[in-house]
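First comes the structure, then the notes that go with it.
Only a predicted model underlies this, so the values are computations on that prediction, with no experimental measurement involved. All values below were derived from every heavy atom in this structure, side-chain atoms included, with hydrogens, water molecules and symmetry-related copies excluded.
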Amino acid sequence: MINKDLSIDFLGVHFENPFCLSSSPVDNCYEMCAKAFDEGWGGVVFKTIGPAHFEVDEVSPRFDELTKEGTPFVGFKNMEQIAEHSLQENLDDLKKLKKNYPQKIVIASIMGTNAQDWEDLAGLVTEAGADMIEMNLSCPQMTSHEMGSDVGTNPDLVQKYCEAVKRGSDLPMMAKMTPNITDMIPAVKASLAGGADGIATINTVKSIANVDLDKKVCLPIVNGKSSISGFSGKAVKPIALRFIQQLRAAAGLEQLAISGIGGIETWEDAVEFILLGSTTLQVTTAVMQYGYRIVEDMKNGLMHYMEEQGVDHLKELVGLANKNIIPAEDLDRDYKVYPKIDWDKCIGCGRCFISCFDGAHQAITWDEKSRRPSVDYSKCIGCQLCNLVCPVGAISTGKIEMKPGRKGDPSKVDIESVRLTH
């Protein structure tokens, strides 16, 4: 059995492994967090604690799902707000967690309505024994516009509240940023100017997942009405990775410390976030589907990947992909890669022909008698759509040619099949 050291340091705090529960219903009380620690999670970001004067009043029901052909949900919509327990109950749970699990990392997520709230909460969770603070500047379904993503899109407020937290505590602190913004960089830089030591991102994406066609209202339905709220799960992973890459590519943020969130469900997802610059990882939606036990699968997969890559320390993987993602205008446009059809694998389904004719450049021809596709290289632009839609992997990347008038040696082009292997 492969046994690699998954420990890693983040903002000066030592994690036995990078996997944490994100602030959400999955770590809403002591008992839940304790079970997660027993299952092997390295840390928990305790469900967001608000000020005593803010009353949480939840709706019922408050969840919806986005599925594909009966599969477990690929997207999850929630109308959940912050922790519904009293401030004192939450502080007691934090204290008890740290007492009973001293080697685990307890991160307090907090959210205030004004600077004094933020400062006071920071002091309270510090006294309770939290190892770190996460500022929730990004929840998209708060009933107060003084809280959540409405704050996270305002760099001035972000900086102001970060400064307040640093007045209240000397703990390492990360600002949890919202994806409901065109450019996250100004808000992130504002958080750092206010004293944040790192970033957590992304929180959920404002959404409507489904609409009831008979009742003509989006789901979930609350007494005949509904609202826009946060979307999470596998479907948001591309959005999360995009924001993380943009942050690590921004001038002055190349070494930004990031706790990655958004659609992490497998060890492969985890590695993708790490390669793009995440040091720790936060998970909720996958836990809601499969339970805390998924952490063992993710840890085992990550250890096997490290073994294959010849990596002894997890930190060696952080950010390795950032340099390979460049602006679109800098990509090599001098060549075309044509598809190649493996006749032994082809089942004659016609998917490639239909997709190319109706969605690309009519470069696949179809023989009705033999039920065989072939490539018309005079029309093919090398987009590789046919490769992606083939259900049996019968199409791969084939010959490489330089475009007319372009110089270069096709044999030196570094390219792999575009077919995803996981």
Side-chain angles (χ1 to χ4, degrees), residues 66-75 205 207-211 231 233-243 245-246 262-263 265-266 268-269 271-272 275-276 321 324-422:
L66 187 67
T67 61
K68 182 180 180 182
E69 298 174 357
T71 62
F73 46 77
V74 295
V205 180
S207 70
I208 291 176
N210 298 285
V211 176
F231 193 63
K234 198 79 165 182
V236 309
K237 185 183 78 168
I239 300 171
L241 294 177
R242 161 231 165 175
F243 275 114
Q245 170 61 26
Q246 286 179 322
E265 190 172 292
T266 66
E268 293 99 332
D269 299 328
V271 172
E272 289 174 345
L275 292 176
L276 285 178
N324 297 322
I325 302 172
I326 60 178
E329 61 269 23
D330 294 336
L331 292 172
D332 188 345
R333 299 173 185 271
D334 290 340
Y335 65 88
K336 285 196 287 188
V337 183
Y338 293 106
K340 178 176 65 176
I341 301 173
D342 185 334
W343 302 115
D344 293 329
K345 291 183 179 180
C346 179
I347 59 174
C349 68
R351 286 281 301 278
C352 59
F353 169 68
I354 295 296
S355 292
C356 184
F357 195 98
D358 293 359
H361 287 75
Q362 300 83 53
I364 300 285
T365 59
W366 181 251
D367 187 309
E368 288 283 356
K369 292 182 178 180
S370 65
R371 295 196 63 80
R372 275 193 168 188
S374 57
V375 180
D376 182 345
Y377 293 110
S378 68
K379 294 182 178 180
C380 182
I381 63 165
C383 71
Q384 296 290 331
L385 175 62
C386 56
N387 184 325
L388 292 175
V389 302
C390 178
V392 294
I395 302 178
S396 61
T397 52
K399 65 178 181 178
I400 301 172
E401 287 186 355
M402 305 306 293
K403 294 179 181 177
R406 307 290 177 89
K407 295 180 180 180
D409 183 353
S411 66
K412 295 182 179 180
V413 172
D414 179 16
I415 188 165
E416 300 284 340
S417 170
V418 297
R419 173 165 293 279
L420 301 179
T421 58
H422 63 276

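Within the model, atoms CD1 of Ile400 and CG of Asp409 stand 10.0 Å from one another, a figure rounded to the nearest 0.5 Å. One finds the CZ atom of Phe353 at 11.0 Å from the CG atom of Asp367 (value rounded to the nearest 0.5 Å). Between Cys386 atom SG and Ile341 atom CD1 the span is 7.0 Å, to the nearest 0.5 Å. With rounding to the nearest 0.5 angstrom, the CG atom of Leu385 is 10.5 Å from the NE2 atom of His361. A distance of 8.5 Å separates OH in Tyr335 from CE in Met402, rounded to the nearest 0.5 Å. The CD atom of Gln245 sits 10.5 Å away from the CD1 atom of Ile326 when rounded to the nearest 0.5 Å.
When all heavy atoms of Gly75 and Ala235 are compared, the closest pair comes out as CA-CB, 4.4 Å. Contact record, Ile364 with Pro373: CG2-CB, 3.8 Å, taken as the closest heavy-atom pair. Nearest heavy-atom pair, Ser207 versus Phe231, reported as atom, atom and distance to 0.1 Å: OG-CB, 3.1 Å. Contact detail for Asp269 and Gly263: the closest heavy-atom pair is OD2-O, 3.5 Å. When all heavy atoms of Gly348 and Arg371 are compared, the closest pair comes out as O-NH2, 2.9 Å. Across all non-hydrogen atoms, the minimal contact from Ile395 to Cys352 is CD1-CB, 3.7 Å.
Listed for the Lys336 side chain is a donor-acceptor partner under 3.5 Å among the backbone atoms of Cys380. Between the Gln384 side chain and the Val337 main chain, a donor and an acceptor come within less than 3.5 Å of each other.
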Inset, instruction - I would like to know whether Leu66 and Phe73 meet side chain to side chain contact (heavy atoms under 4.5 Å, CB included); could you show each step before the answer? - result: CA-CA 5 Å; Leu66 187 67; Phe73 46 77; 5.7 Å; no
Inset, instruction - Quick one: do Asp332 and Val413 satisfy side chain to side chain contact (heavy atoms under 4.5 Å, CB included)? Show the steps, please. - result: CA-CA 10 Å; Asp332 188 345; Val413 172; 5.6 Å; no
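By the 6.0 Å contact criterion, NZ on Lys403 is enclosed, its count of non-hydrogen atoms from other residues, nucleotides or ligands being greater than 12. Remark: Lys340 NZ is loosely packed, at most 12 non-hydrogen atoms of other residues, nucleotides or ligands lying under 6.0 Å away.
Taking 4.5 Å as the limit, some side-chain heavy atom of Thr266 sits within range of a side-chain heavy atom of Lys234.
Taking the six-membered ring where tryptophan is involved, the planes of Tyr338 and Tyr377 are perpendicular, since the angle between them exceeds 60° and thus also 30°.
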